[in-house]
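Naming convention: chains lettered A, B, ... in sequence-line order (proteins, then strands); numbering from 1 in each chain.
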2 protein chains.
Amino acid sequence: MEPRTIKLGQRVTVTTRRRKPEPARLSADRIVEVAIGYDAVTMRSVARELGTGPASLYAHVSGRAELDQLVTGKVCAQWRIPDPDPDHWDDQLRTAMTDLLALYRAHPGVARCAMGMIPTEEGVLAVSEKLLAILVAGGVPPQHCAWFVDVASLYVGSVAVEEDIWRERAAGQDVESVTEEAVVAAVHDVFAGLPADRFPLLTAMADTMTTGDADERFAFGVDLLVSGLVALSRR
Amino acid sequence: MEPRTIKLGQRVTVTTRRRKPEPARLSADRIVEVAIGYDAVTMRSVARELGTGPASLYAHVSGRAELDQLVTGKVCAQWRIPDPDPDHWDDQLRTAMTDLLALYRAHPGVARCAMGMIPTEEGVLAVSEKLLAILVAGGVPPQHCAWFVDVASLYVGSVAVEEDIWRERAAGQDVESVTEEAVVAAVHDVFAGLPADRFPLLTAMADTMTTGDADERFAFGVDLLVSGLVALSRR
DNA sequence: ACCTGAACACCGTTCAAGT
DNA sequence: ACCTGAACACCGTTCAAGT
């Protein structure tokens with residue numbers, strides 16, 4: 001496994017981008033397309049990328065809130081969820097959640113848009129429907145099905161948001177010190193260096209605390225949720 | 001249960017606050033104190049509340065990142081976690097997580113500060129230590145103990161962040177339409193009103209999808225995680 | 001050492017004006 | 001109907017200047 005660099009999105013600060021002075025020919029679709037293509041989803045950066053000022057976007061999109069909706073809708077539409085297979089519903093959930101994380105990773109900044117969103121967009125509703133189908137086919141109690149969709153989405157989203165935050169923090173830092181490994185090593189040293197009398201477990205478990213890369217840790221969380229669902233259903 | 005209003009933090013926009021022209025007498029402690037006392041933790045709002053400009057804070061705090069650390073540290077220090085009781089480790093975890101959510105709710109905006117933070121602050125480390133103690137006493141495998149602390153913190157934090165987002169969205173809206181009940185009712189109608197052929201489950205399960213208040217939903221997530229931990233340990 | 005005002009580079013949104 | 005520049009109210013941070 002190669003050392004994944006957290007670097008990215010190095011804030012170009014080129015204020016004089018403005019490609020050509022041709023009239024912009026905008027549309028909601030173009031705006032959303034650009035928004036999911038660049039790391040930081042902001043009105044101004046999207047407008048800049050389209051060669052206009054932010055005010056121009058408001059003819060096609062009511063504001064940041066609607067852009068968030070459209071962006072997550074478009075990304076969710078790329079989320080391939082299989083038809084339910086009652087014998088493997090739990091594995092289907094696991095891979096579905098992993099796929100969503102991969103999608104968020106491919107579109108930095110989108111997880112933040114999705115956070116706290118009321119699902120009304122087509123694409124978002126479609127994936128909820130398909131997740132529900134897998135859960136229902138698995139024989140999970142209806143109330144658990146319903147709530148699990150929310151909890152699972154929230155968990156995947158928050159992992160992605162955390163990674164986005166790390167990425168942003170890494171941008172504008174010296175590149176060598178922000179590999180995932182370097183950060184983990186630093187945290188390890190913090191734990192190991194604590195006073196052992198007041199932090200007996202953290203010092204003793206410094207290795208264990210810092211074991212595993214982002215994927216392993218995420219997989220553990222997914223395992224917890226799915227295993228928990230199985231356990232609750234059997235009660 | 002009374003209808004909880006999501007209203008709060010109504011952005012006063014009083015730009016001319018500036019209490020007295022006395023020299024400020026600042027300190028990191030005063031700054032943090034003020035920061036956890038008001039909903040939106042921003043350099044400028046904290047400075048305003050202290051009667052100065054934002055630049056003054058930089059003599060005591062290196063920037064937003066350190067303020068985030070100090071604020072979460074201070075809030076975590078208020079988090080009372082019991083000494084481990086091996087017979088009730090799972091219930092201890094459940095109530096600990098619920099207590100943290102209550103703490104975040106009492107200090108809007110703090111959950112956002114905590115998100116993606118590398119734990120180095122005293123207060124944060126102390127609670128990790130105590131959570132670990134409960135898990136270890138419960139006989140949970142060390143690797144699961146370590147990872148669970150992270151997943152649990154992330155889950156509680158992300159629920160709190162979502163609630164903060166709703167609160168902010170509610171501010172600057174007409175008050176009657178943003179009670180938790182009103183929002184849930186609106187979401188219910190979205191689900192129920194979908195085309196039944198393409199969304200058979202969402203339409204049929206509209207009631208189930210919108211059952212439960214914030215506390216019940218949170219408790220379900222906590223149950224998933226803790227039950228999952230029990231199930232994984234037994235494998 | 002500590003505080004300050006002014007400035008810089010951001011952010012979302014509005015609004016009068018253009019076509 | 002669509003696009004625009006300028007403005008407003010924010011944000012974090014820096015920096016020269018004051019005490």
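A straight line from CD of Glu168(B) to C1' of dC11(C) spans 14 Å, rounded to a whole angstrom. For Tyr58(A) and dC2(D), the OH to P distance is 17 Å, given to the nearest whole Å. Atoms CZ (Arg44(A)) and P (dG5(D)) sit 12 Å apart, rounded to a whole Å. Per the geometry, CZ belonging to Arg169(A) stands 15 Å off P belonging to dG12(D), to the nearest Å. The interatomic distance linking Leu57(B) (CG) with dG12(D) (P) rounds to 10 Å, in whole Å. Across the protein-nucleic acid pair, Ile31(B) atom CD1 and dG12(D) atom P stand 13 Å apart, rounded to whole Å. The interatomic distance linking Leu67(A) (CG) with dC11(C) (P) rounds to 13 Å, in whole Å.
Distances shorter than 4.0 Å separate none of the side-chain N or O atoms of Arg48(B) from OP1 or OP2 on dC10(D). For the OP1/OP2 pair of dC3(D) and a distance below 4.0 Å, the side-chain nitrogens and oxygens of His60(A) include at least one atom meeting the criterion.
Note on Arg217(B) versus Asp150(A): salt bridge recorded, some NZ/NE/NH1/NH2 to OD/OE distance being below 4.0 Å. With salt bridges taken as basic N to acidic carboxylate O contacts below 4.0 Å, one links Asp215(A) and Arg105(A). Taking a cutoff of 4.0 Å between a charged side-chain nitrogen and a carboxylate oxygen, Lys74(B) and Glu122(B) do not qualify as a salt bridge. A salt bridge is defined here as a Lys NZ or Arg NE, NH1 or NH2 lying under 4.0 Å from an Asp or Glu carboxylate O, and Asp68(A) with Arg64(A) meets this definition.
Positionally, the nearest nucleotide of DNA chain D for Ala55(A) lies more toward the 5' end than for the other of Arg64(B) and Ala55(A).
Listed candidates were dC11(C), dC11(D), dC3(D). Nearest to the side chain of Arg25(A) is dC3(D). For Leu26(A), taking side-chain heavy atoms from C-beta onward, the closest of the listed nucleotides dC3(D), dG12(C), dC3(C) is dC3(D). Comparing dG12(C), dC2(C), dT13(C) by their nearest atom to the side chain of Thr42(A) picks out dG12(C). For Met43(A), the listed nucleotide lying nearest its side chain is dG12(C); candidates were dC2(D), dC3(C), dG12(C).
Figure legend. dC8(D) is base-paired to dG12(C); pairs are counted as Watson-Crick or G-U wobble with both atom distances under 3.5 Å.
Under the 3.5 Å distance criterion, with hydrogens and angles disregarded, no donor-acceptor pair is assigned to the side chains of Thr211(A) and Thr208(A).
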